[in-house]
> 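First the structure, then my questions, so here it is.
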Amino acid sequence: DGGITQSPKYLFRKEGQNVTLSCEQNLNHDAMYWYRQDPGQGLRLIYYSQIVNDFQKGDIAEGYSVSREKKESFPLTVTSAQKNPTAFYLCASAGTYKETQYFGPGTRLLVL
Amino acid sequence: DQQVKQNSPSLSVQEGRISILNCDYTNSMFDYFLWYKKYPAEGPTFLISISSIKDKNEDGRFTVFLNKSAKHLSLHIVPSQPGDSAVYFCAASGGGTSYGKLTFGQGTILTVHP
C-alpha cells in the first residue's frame, strides 16, 4: 500500500532533550513538508523540502531542524531551543500538484 | 496576521440536511483553494479544490464556491451524513510561491446527527 507513515504516535520529551520524529513515504513524491498543529489553530509550516538534499524554512522553523538524505524520508528534530514543543506534528508529501498534499497520521509530542 | 479564517469553530447539522462551511481570506494573491477533512488523531485528507479562475467546483456530495470579490469560499455538503463528522480545514495557496505552501484556517468541527 502506498502511503505516508509517521512514528512514533506519541513522544515524550524531557527538558533540554532533542527528539526526532520520523516521516517516511513510498508515494515517490519529491516534495515533503512538516506542519505543527496547536489546539484551535490551523496547521503551520515548519520546514519543507522540494528535492533530496535540499530543504527550506517555513513560517515557524525556529527550534527545529530537518534532513533530506533520501527521497522517502524527512525526519524532524525538535531541539531544546524549541521552548513550546507540545503539539501535534504532521508530515505531508506531494507529487506534481504540490498543493494536493498527502498527510501522515501525525505524532503527538508531550513535554515531561 | 491570520490570512485564512474560519470564523465558525463548530457546526451541527441533522443527517440529510445541507452543511455549509465558510472560509474568508485576506491575501488577494491566493489563487488556489482547498478543503481538507480531518478525523481525530489522523492526518488531514484532501477533499476538494478550486482554482481562482472558477467560481464553483463539484465532486459528488461536495461543492466548493468561490467569491473572489468578497474573498470568501464555502463548502457545501449535500446530503450530510454522520460519517462526514470531522474537522474541516480550508487552505489557500499562491502569492508567488511554487513549492506548495499552504496557509490553513483554524478549522471547523462539523457534527452530523443521525
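Naming convention: chains lettered A, B, ... in sequence-line order (proteins, then strands); numbering from 1 in each chain. Every heavy atom of this structure was used, including side-chain atoms; hydrogens, water molecules and symmetry mates were not.
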> Answer with side chain, backbone, both or neither: which region of Pro9(B) has an atom nearer than 4.5 Å to a non-hydrogen atom of chain A?
neither
> Start with the C-alpha gap between Phe103(A) and Tyr35(A), add the side-chain angles, then the distance that decides, and say whether side-chain contact (heavy atoms from CB on, under 4.5 Å) holds.
CA-CA 10 Å; Phe103(A) 285 83; Tyr35(A) 292 91; 3.7 Å; yes
> Quick one: OG on Ser93(B) to CG on Leu34(B), what's the gap to the nearest 0.5 Å?
7.0 Å
> Quick check on the 6.0 Å ring-centre criterion: do Phe65(B) and His76(B) meet it?
yes
> Angle class for the Tyr36(B)/Phe104(B) ring planes (parallel below 30°, perpendicular above 60°, tilted otherwise)?
tilted
> Please state whether the side chain, the backbone, both or neither of Tyr102(A) comes within less than 4.5 Å of a heavy atom of chain B.
neither
> Relative to chain B, which of Gln6(A), Arg44(A), Lys9(A), Gln37(A) shows the most heavy atom pairs under 4.5 Å?
Gln37(A)
> Please determine, among Thr100(A), Asp38(A), Leu43(A), the option with the most heavy-atom pairs under 4.5 Å with chain B.
Leu43(A)
